[in-house]
Amino acid sequence: MTPGTLAVLSRLCRGCLGRARVRPGRTFSSSPGQTSRWNSRETCSSPPYQENPRVLITGPFVYADVLDYKLLRELIVNNRITWLVHYSALLSAVGEANVALARKINITGLHNVLDLALENCLRLFVPSTIGAFGPSSPRDPAPDLCVQRPRTIYGVSKVHGELMGEYLHHKYGLDFRCLRYPGVISVNTAPGGGTTDYAVQIFHDALSTGHHECYLRPDTRLPMMHISDCHRATIEFMQAPECQLSLRTYNIAAMSFTPEEVAQEIRKHLPHLKVTYNPDTVRQTIADSWPVRFDDSNARRDWGWAPAFGLEELVSDMLRSIRDKRTSESLPVS
């Protein structure tokens, strides 16, 4: 989660606590007492919409360990949290390099926040991803409901999260909400081990050296989204009345492009950009198993989702923002 995300959510949700840093910790165990307040729909139905919710965002302000159930519980109770937004996770390529850690953070950490949401009657948002689909899923477009057989621990953990959240919603009434994000492009977040990270790095390289070496083939098409659309989708979805939701997990889409297409759009502003391609076996295999496009018609129908940024707007904004950032930091601009 980036500082920009926190700022956006803070402005809309005054009283926001902040974010929790991820560290490996204890192993997961649940107890009957952890879900006592959600044992029946009569004792705790979904909380009504709050104009000023108090939001805890995991994933890194306040130092915490998502594997430390007791500490997270104290943060939620002491700060009277009403919304829990759980971003802590290891991404696709990094997760494949350390499966045990990914399993611990992505699954054990998830179970902790699920139990805490049940115990404290919180509205819970957990993002999912294009990585929740696999090579046997429909790819162009991928619908909300279809076969999901991902081949990364990141994707497996996200499917697990989707199903656990839906199960707890149907069994106990937990107000669980989940969006499948495409690749998210932000000027404020450095690449962090995701398969779509080239779509961030190429802008920095274009303005610093004028050369980008891409780890995907030039024709690898993937769904993408500007960070501001991602922020807005999350907030609008969290604020949507439950009666409008036909699903607990929705795809959201904005655009879909290949490395060569984004490079060509950048060259409209920076004709000198040179891109070479050196496909990385791990990331290319992951990308080839993911959807080419998302079908987000349910999100558009149920709660009015509509993106503001297409490829042209995204490229213009990223180049302007990175140029301004480098200038303010006295860094050369190519």
Side-chain angles (χ1 to χ4, degrees), residues 1-2 4-20 22 38 46-61 64 66 72 75-76 79 81-89 105-107 109-132 144 157-170 172-182 184 225 227-252 296 298-299 302-305:
M1 196 60 174
T2 67
T5 305
L6 182 61
V8 171
L9 288 170
S10 296
R11 285 197 296 270
L12 279 117
C13 311
R14 286 171 291 176
C16 179
L17 172 64
R19 298 177 295 173
V22 183
W38 280 89
S46 176
Y49 170 74
Q50 296 167 307
E51 184 177 351
N52 296 310
R54 297 180 65 85
V55 184
L56 172 63
I57 306 173
T58 68
F61 240 80
V66 294
L72 286 179
L75 287 173
I76 287 169
N79 291 276
I81 298 301
T82 57
W83 288 9
L84 181 52
V85 178
H86 181 54
Y87 278 104
S88 297
I105 293 175
N106 295 9
I107 296 179
L110 168 73
H111 278 261
N112 282 345
V113 299
L114 286 169
D115 279 357
L116 287 164
L118 285 169
E119 180 182 3
N120 295 280
C121 300
L122 307 180
R123 178 171 293 178
L124 174 63
F125 176 80
V126 179
S128 190
T129 168
I130 54 176
D144 286 315
S157 68
K158 288 302 184 181
V159 173
H160 178 78
E162 294 176 12
L163 295 177
M164 282 299 304
E166 290 181 16
Y167 168 76
L168 294 174
H169 167 71
H170 291 298
Y172 298 113
L174 173 66
D175 190 351
F176 170 84
R177 304 180 185 214
C178 178
L179 293 177
R180 293 193 189 106
Y181 290 155
V184 178
M225 176 174 285
I227 186 68
S228 65
D229 273 343
C230 179
H231 291 165
R232 184 169 53 81
T234 304
I235 293 165
E236 291 176 359
F237 183 47
M238 288 291 286
Q239 292 176 335
E242 275 209 279
C243 61
Q244 293 181 204
L245 306 181
S246 63
L247 300 169
R248 288 287 128 184
T249 298
Y250 290 87
N251 295 337
I252 51 170
D296 63 351
N298 288 319
D302 289 0
W303 46 277
W305 163 243

Practice task
List for me each residue that meets side chain to side chain contact (heavy atoms under 4.5 Å, CB included) alongside D302, sequence neighbours excluded, and say none if there are none.
Solution key: S246, Y250
Completion exercise
Hits for side chain to side chain contact (heavy atoms under 4.5 Å, CB included) against V159, two or more places apart or cross-chain, chain-then-number order -> A132, Q148, P150, L163
Fill in the blank from the handout: Tightest non-hydrogen contact, residues P127 and Y181, listed as CB-CE1, 3.5 Å
Completion exercise
Interatomic distance, CD1@I105 vs OG@S157, rounded to 0.5 Å, equals 10.5 Å
Problem - Nearest heavy atoms of L75 and I81, plus distance in Å - result: O-CG1, 3.9 Å
Exercise for the section: Please report the shortest heavy-atom distance between G161 and L110, naming the atom on each side. Expected result: CA-CD2, 3.4 Å
Handout entry: H111 vs M164 side-chain heavy atoms within contact, under 4.5 Å
Key = yes
Exercise for the section: Run the ring-centre check on W303 versus F237 and record whether the distance is less than 6.0 Å. Expected result: yes
Exercise for the section: Enter the distance from L168:CG to D115:CG here, rounded to the nearest 0.5 Å. Expected result: 8.0 Å
Handout entry: Heavy-atom side-chain contact between K158 and I107 under 4.5 Å
Key = no
Handout entry: Separation of N251 CG from T129 OG1 (nearest 0.5 Å)
Key = 10.5 Å
Completion exercise
Closest non-hydrogen contact found for T249 with D144 is O-OD1, 4.2 Å
Fill in the blank from the handout: Distance col, row H169:NE2 vs L247:CG, nearest 0.5 angstrom, shows 10.0 Å
Practice task
Report the C-alpha distance between R177 and E242 in whole Å, list the side-chain angles of each, state the deciding distance to 0.1 Å, and finish with yes or no for side chain to side chain contact (heavy atoms under 4.5 Å, CB included).
Solution key: CA-CA 10 Å; R177 304 180 185 214; E242 275 209 279; 3.3 Å; yes
Practice task
Measure the shortest side-chain to side-chain distance between Y167 and L174 over non-hydrogen atoms and say whether it is less than 4.5 angstrom.
Solution key: no
Completion exercise
Rounding to 0.5 Å, atoms NE2 (H86) and CG (N106) come to a distance of 7.5 Å
Exercise for the section: Would you indicate whether the side-chain heavy atoms of L114 and L124 approach each other to under 4.5 Å? Expected result: yes
Completion exercise
With sequence neighbours left out, the residues meeting side chain to side chain donor-acceptor pair (under 3.5 Å) with D296 are R300, W305
Handout entry: Donor-acceptor pair, side chain of T58 and main chain of Y87, under 3.5 angstrom
Key = yes
Handout entry: Test side chain to side chain donor-acceptor pair (under 3.5 Å) applied to S128 - qualifying residues, sequence neighbours left out
Key = E162
Practice task
Kindly write out the residues that satisfy salt bridge (Lys or Arg N to Asp or Glu O under 4.0 Å) with E166, not counting sequence neighbours, or none if the list is empty.
Solution key: none
Exercise for the section: Indicate yes or no: at least one non-hydrogen side-chain atom of L56 is less than 4.5 angstrom from one of I76. Expected result: yes
Exercise for the section: Heavy atoms only: give me the nearest I252-P182 pair and the separation to one decimal. Expected result: O-CD, 3.5 Å
Handout entry: OG1-CG distance between T234 and D229, expressed to the nearest 0.5 angstrom
Key = 10.5 Å
Problem - Student check: side-chain heavy atoms of V55 and V85 closer than 4.5 Å - result: yes
